[in-house]
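Per chain, numbering begins at 1; letters A, B, ... match sequence-line order.
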Amino acid sequence: MLSYFAKRIASSIPTLFIIITIAFFMIRLAPGGPFDSERPVPAEIAANLEKVYHLNDPLPVQYGYYLLNVLKGDFGPSFKYHDFTVSELIAQGFPVSIQLGLLAILLSLMIGVLFGVIAALRQNSAIDYLVMGLAMTGITIPNFVMAPILILLFGVFWGLLPTSGWGELKHMVLPVIVLSLPQIATVARMTRASLIETLNMPYIRTAKAKGLPTRLILSRHASRATLLPILSWLGPATAAIITGSVVVETIFGLPGIGRHFINGALNRDYTLVMGVVVFYGFLIILMNLLVDLLYAWLDPRIKY
Amino acid sequence: MPGLTQGLNTKMSALIPNEIVADNTVAGLSPWQQAWRRLLHNKAAVVSIVLLVIIAVLCIFGPLFSPWELDSVDWDNMGTPPHLQSHHYFGTDSNGRDLFVRTLEGGRISLMVGLLATAVSFVIGIIYGSIAGYAGGKTDSIMMRFVDVLYALPFMFFVILLTVYFGRSIWLIFIAIGAVEWLTMARIVRGQTLSLKQRSFVEAARVTGASHYSIIKRHIIPNTLGPVIVYATLTVPQVILFESFLSFLGLGVQEPMSSWGVLIAEGAQQMESAPWMVLSPAIMLAVTLFCLNFIGDGLRDALDPKDR
Amino acid sequence: MKISQKLLFLPVLILFSSIVSTAVNAEMVIHRGNGAEPETLDIHKSTGVPEANIQRDLFEGLISEAADGSLIPGAAESWATSEDAKLWTFKLRQNGKWSDGTQVTANDFLNGFQRALLPATASEYAFILWPIKNAKAISKGEINDINDLGVKAVDDFTLEIALENPTPFLTGLLSHHMAYPVPVAKIKEHGKKWTRPGNLISNGPYQLADWKPQSKIILTKNPHYRDHDAIEVDNVYFHPIEDKATELKRFRADELDITDDVPSDQIAWVKKNLGDAFRNTPYIGTYYLAMNLEQAPFKDNLALRKALSFAIDRNILTDKVTKAGELPGLGWVPPGMNGYTSQTIPELALEKKERVALAKKLYEEAGYSKDKPLEVELLYNTSENHKKIAIALSAMWKQTLGVKVSLRNEEWKVYLNSRSQKQFQLIRSGWIGDYNDASNFLDLFRSDVGTINPSGYKNQNYDKLLKQAEIETDAKQRAEFMQSAEKLLLADMPLIPIYYYTTQHLLNPKIKGWEDNVMDIHPTRYLAK
């Protein structure tokens with residue numbers, strides 16, 4: 001296992017390198033540059049800008065410089081937010097995104113697994129349909145519809161919670177709910193499916209036949225196999241949710257990094273997008289590694 | 001403990017008597033026909049199939065029953081609630097276009113994109129994931145690092161480049177969506193496969209000299225289907241909403257065509273002042289998704305050989 | 001809550017409200033919605049309105065703005081102009097102070113101009129200062145000695161500015177953030193971080209107290225500002241809120257006093273439900289379609305260009321589609337420009353029937369008919385508003401002329417690229433004036449300005465008239481040259497004006513001192529709550 005872990009860590013470096021390389025050229029191939037605007041800057045000024053931001057070098061040269069700087073841990077200045085470096089922007093946004101993301105993931109795992117277990121134990125009964133229907137509403141109502149409804153109710157009509165903003169615990173309530181609703185649906189539905197499958201495994205049937213109480217069957221025998229597919233989903237889902245959601249951040253005015261990704265791309269803020277891509281790539285690799293290690297813990301027969 | 005109990009777990013469930021009996025009752029039917037029969041015994045699934053067919057038929061033929069065209073502007077009824085005399089059964093959008101026609105025609109796009117793109121990602125995900133998991137070792141490592149790379153690449157630029165270099169067509173929507181949606185599917189299948197391939201029934205198959213291809217096809221994939229079918233039904237809403245983001249980037253459906261995702265996004269802006277604009281597409285979408293989920297559950301049950 | 005319970009709580013309530021009201025007496029705080037997150041607070045690097053709003057509260061140029069947006073003396077108390085109108089001498093106030101208490105001198109302004117124009121600064125808006133002598137050559141790198149710039153600090157309180165041409169709108173330019181003074185020592189000390197809280201010093205009514213990116217910027221009164229006592233608002237919060245719907249909700253929840261905008265599809269609702277808070281004012285901007293004159297079908301086809309323009313019912317568009325109180329666009333330069341009479345396309349004054357008949361006639365003259373309809377593509381950048389207008393226009397053209405319009409939307413930067421590459425037939429565009437002078441609009445269609453001229457319009461006579469206006473010292477004569485140029489432009493019709501912009505705000509009715517104006521300039525120093 002340890003050698004596998006070491007191998008995976010080693011393989012993450014070339015993976016990140018490939019991500020950086022493809023992303024760098026992909027971003028530069030897209031039409032439009034960071035300084036294009038409704039009022040095109042006069043050619044002379046454009047030349048000054050290109051010089052200052054090293055955009056006039058050939059692309060491979062720029063790529064070389066970028067790679068060198070990344071190795072030194074420098075992601076460069078933002079093209080759009082002139083007063084900040086990319087590292088500063090990510091460092092400012094990440095605490096917000098990770099707090100919201102982790103809370104949302106935790107909440108959805110708790111509620112989702114609970115719903116899924118209840119539904120699976122009462123498969124195809126009224127309770128099953130009720131619980132699943134409830135969970136499903138979270139995914140059938142898109143977050144850009146759900147968020148304004150909740151803001152209107154809790155923020156504008158009842159005045160119980162702030163409509164948006166960041167700083168205190170009360171600012172987190174609505175965003176966490178909106179973030180977790182679709183995840184609750186996913187977790188609940190996958191738990192249900194997976195548990196039904198597990199409960200029909202012969203070894204569980206044997207355990208049942210032996211008269212073991214349901215609670216014991218669930219906690220001892222069924223839980224591990226049931227969790228496997230949820231775990232597979234959890235890796236990428238966690239990486240995605242802790243790097244922020246642009247919709248939720250925009251609607252709730254949250255200073256996370258999800259906005260940087262989309263807005264950076266729309267603004268062709270090359271360095272900012274690259275910074276977020278590298279950061280996200282790192283998280284994806286890390287999460288999937290964790291998931292693979294957890295597989296082996298859940299099912300000791302799994303070998304790599 | 002898992003070692004001992006799970007050791008009993010065997011795909012050769014024919015050993016268990018009650019399953020033999022069950023098989024006898026449907027003797028002479030192929031496994032798919034059996035599955036279909038079982039599906040028809042699931043009330044929720046049957047109702048859902050009927051509803052889904054009704055929605056599809058409505059989307060295809062419904063617009064014929066309206067005097068309004070997809071792009072005709074009713075200057076006297078701009079942003080008005082549902083009204084029967086003017087034949088705006090679902091009201092009009094803020095441009096004075098009939099929402100009944102737009103919702104149904106938008107449904108054609110959304111259903112097609114939602115179902116087809118999901119199906120594509122389902123197929124790719126299963127094949128890719130099962131091969132990676134089954135092969136293991138270096139192959140698995142390389143295949144999964146490739147998935148990591150695709151996860152991390154800035155998808156927006158991929159879409160922008162697609163539009164710039166290939167223009168715009170409905171097929172590009174499938175490519176764009178397909179390129180990302182299969183990733184998680186593949187990881188789930190691979191995770192299941194890693195566990196399955198250590199089970200005794202796979203080993204037994206290997207010992208009897210079955211080829212890798214047939215082991216993957218007969219033993220691995222069928223046993224991963226449960227969670228994957230359910231995950232696929234959860235992919236549909238993502239795909240449908242994703243399509244509206246593609247429209248934003250200039251790749252998705254173009255005016256005057258529409259889709260549920262686009263209509264909901266437009267309507268959400270005026271939810272309070274003109275709720276009908278978001279309600280009709282949102283309800284259609286919700287009903288479709290509920291149906292798909294019950295069908296997904298029914299399919300899962302029906303395809304599960306152990307579950308009767 | 002029952003009455004008895006209410007009574008029970010009454011003393012508590014009174015106590016509480018008295019605490020709140022004393023707090024209000026102690027500190028007056030205003031919360032302003034401010035659009036996008038400011039890209040920078042560096043006065044030479046910013047380009048947008050959100051940045052300008054904050055910088056206007058922080059800094060003060062030689063010329064400043066009154067509550068109604070009109071120009072008033074700022075850091076300069078008076079100025080004089082030479083006879084040829086090419087040399088201006090400004091007298092600075094003796095009591096101008098930076099927020100750290102140091103004196104504001106003519107050198108601070110000189111440093112500002114020099115930094116703005118140095119190629120190494122790479123200021124996108126450097127062109128604002130190009131009317132100054134040698135400024136353009138310095139920007140271009142043709143002159144390397146920055147001291148050749150036509151700005152001189154004669155002594156601590158006297159600043160001379162030499163110009164290339166008489167520039168009657170110079171006062172407008174000098175109120176722009178590009179012409180604010182800079183604390184050069186601080187920039188040297190902190191480098192790129194000079195705009196951070198704690199590092200930034202400013203010479204305006206406010207100073208920077210805090211900046212939480214994507215969250216808020218807090219300004220407090222500058223204790224050293226000359227007019228310190230007249231300023232009522234102690235703290236002003238600028239909240240970056242990109243989503244207009246979010247901003248509206250925050251206003252309704254009393255979290256904002258002033259909004260930056262109102263979602264256009266909510267205007268009808270807002271008028272009905274928040275009527276006393278709604279402000280709607282003409283703005284110096286024109287929404288228009290540009291036609292690509294370098295390609296078929298619009299190349300050398302004046303009749304077709306006119307037909308499309310005349311076929312549009314602009315009143316219906318503004319009344320039923322955009323609904324934000326916009327004035328129908330009848331010409332290029334919007335009304336409200338200082339000393340200028342906006343020109344209009346005469347045919348647009350016709351009765352609807354005649355206008356449509358004329359459009360049909362021109363359409364046939366151009367070589368099109370019901371059997372051989374024009375097929376044209378309209379390009380716009382992704383936005384609900386542009387989409388709505390594009391849909392309405394294509395419906396109008398289809399109904400009146402039978403034109404087949406296909407719509408193409410592109411993501412912003414792709415759209416800008418298509419525009420500068422002239423990869424379009426018909427494109428949605430808009431122009432908001434940087435300063436209040438008609439030349440700011442008319443220059444757009446000069447033949448020597450490059451891709452900023454979206455249609456590729458070229459007319460030597462037009463260029464000549466604008467050149468004449470540039471060197472004319474008599475304001476009236478200058479306006480006449482420019483008006484003739486606009487007439488010429490409208491007759492050639494490289495563009496289809498749609499409407500003149502308006503601005504929308506929601507304003508807490510308790511706010512005093514707010515004056516609607518075409519520049520949409522509302523410094524916090526004049527406000528009170």
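In this structure, the ring of F279(A) has its center no less than 6.0 angstrom from the ring center of F75(A). In this structure, F155(B) has its ring center closer than 6.0 angstrom to the ring center of F242(B).
Neither the backbone nor the side chain of L231(A) comes within less than 4.5 Å of any heavy atom of chain B. S12(A) does not touch chain B: none of its heavy atoms, backbone or side chain, sits under 4.5 Å away. L152(A) touches chain B through its side chain: at least one heavy atom from C-beta onward sits under 4.5 Å away, while N, CA, C and O do not. With a 4.5 angstrom heavy-atom cutoff, V291(A) touches chain B only via side-chain atoms. Looking at V278(B), the atoms closer than 4.5 Å to chain A (heavy atoms on both sides) all sit in the side chain, from C-beta outward. Heavy-atom distances place no part of T288(B) under 4.5 Å from chain A, backbone and side chain included. Heavy atoms of L266(A) lying under 4.5 Å from chain B belong to its backbone as well as its side chain. At a 4.5 Å heavy-atom cutoff, the contact between L241(B) and chain A is made by side-chain atoms alone. For F158(B), the parts sitting under 4.5 Å from any heavy atom of chain A are the backbone and the side chain alike. Proximity to chain B involves both the backbone and the side chain of V145(A), based on heavy atoms less than 4.5 angstrom apart. The part of Y295(A) that comes within reach of chain B is its side chain, from C-beta onward, which places non-hydrogen atoms under 4.5 angstrom from that chain. Using a 4.5 Å cut-off between heavy atoms, Q269(B) makes no contact with chain A at all. For R268(A), the part lying under 4.5 angstrom from a heavy atom of chain B is the side chain only.
A pairwise comparison of heavy atoms in T226(A) and L195(A) identifies OG1-CD1, 3.4 Å as the closest pair. When all heavy atoms of I295(B) and L39(B) are compared, the closest pair comes out as O-CD1, 4.4 Å.
When each of G296(B), G226(B), S195(B) is scored by its heavy-atom pairs under 4.5 Å with chain A, the top score falls to S195(B). Most heavy-atom pairs under 4.5 Å with chain B: of the set P148(A), A240(A), P236(A), G133(A), this distinction falls to P236(A). Among the candidates T191(A), I20(A), L228(A), I141(A), the residue making the largest number of heavy-atom pairs closer than 4.5 Å to chain B is L228(A). Comparing V278(A), I27(A), T15(A) by how many heavy-atom pairs each has under 4.5 Å with chain B, the most go to I27(A). Of all the listed residues (A185(A), P31(A), S194(A), P14(A)), the one sharing the greatest number of non-hydrogen pairs under 4.5 Å with chain B is P31(A). Of the residues considered (I142(B), I264(B), L285(B)), I264(B) shows the highest number of contacts with chain A, using heavy-atom pairs under 4.5 Å. Your options are T137(A), I18(A), T186(A), and the one with the most heavy-atom pairs under 4.5 Å with chain B is T186(A). Listed options A268(B), P227(B), A286(B), P154(B) were ranked by heavy-atom pairs under 4.5 angstrom with chain A; first place goes to P154(B). For the set A239(A), S11(A), P142(A), G281(A), the entry with the most heavy-atom pairs within less than 4.5 Å of chain B is P142(A). The most heavy-atom pairs under 4.5 Å with chain A, out of A282(B), G267(B), A265(B), come from A265(B). Top candidate by heavy-atom pairs under 4.5 Å with chain A, chosen from T184(B), I188(B), N293(B), I160(B), is N293(B).
Between D297(B) and R300(B), no side-chain nitrogen of the basic residue sits less than 4.0 Å from a carboxylate oxygen of the acidic one, so the salt-bridge criterion is not met. A salt bridge is absent between D140(B) and R145(B); no separation between the charged side-chain nitrogens and carboxylate oxygens falls under 4.0 Å. Note on R8(A) versus D292(A): salt bridge recorded, some NZ/NE/NH1/NH2 to OD/OE distance being below 4.0 Å.
A donor-acceptor pair is defined here as one N or O able to donate and one able to accept, closer than 3.5 Å; such a pair exists between the side chain of S110(B) and the backbone of W260(B). Side chain of N267(A) to backbone of D269(A): no donor-acceptor contact under 3.5 angstrom is found.
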Evaluation steps, side-chain hydrogen bond (donor to acceptor under 3.5 Å, both in side chains), between E243(B) and S259(B): CA-CA 8 Å; E243(B) 184 276 319; S259(B) 68; 2.4 Å; yes
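Inter-residue side-chain proximity for N143(A) and V248(A) is flagged as met; some heavy-atom pair is nearer than 4.5 Å.
The neighbour count for F146(B) CZ, taken as heavy atoms of other residues, nucleotides or ligands under 6.0 Å away, does not exceed 12.
Both the sub-6.0 Å distance and the 45° axial angle are not jointly satisfied by R192(A) relative to the ring of F115(A).
A side-chain donor-acceptor contact under 3.5 Å links D301(B) and Q123(A).
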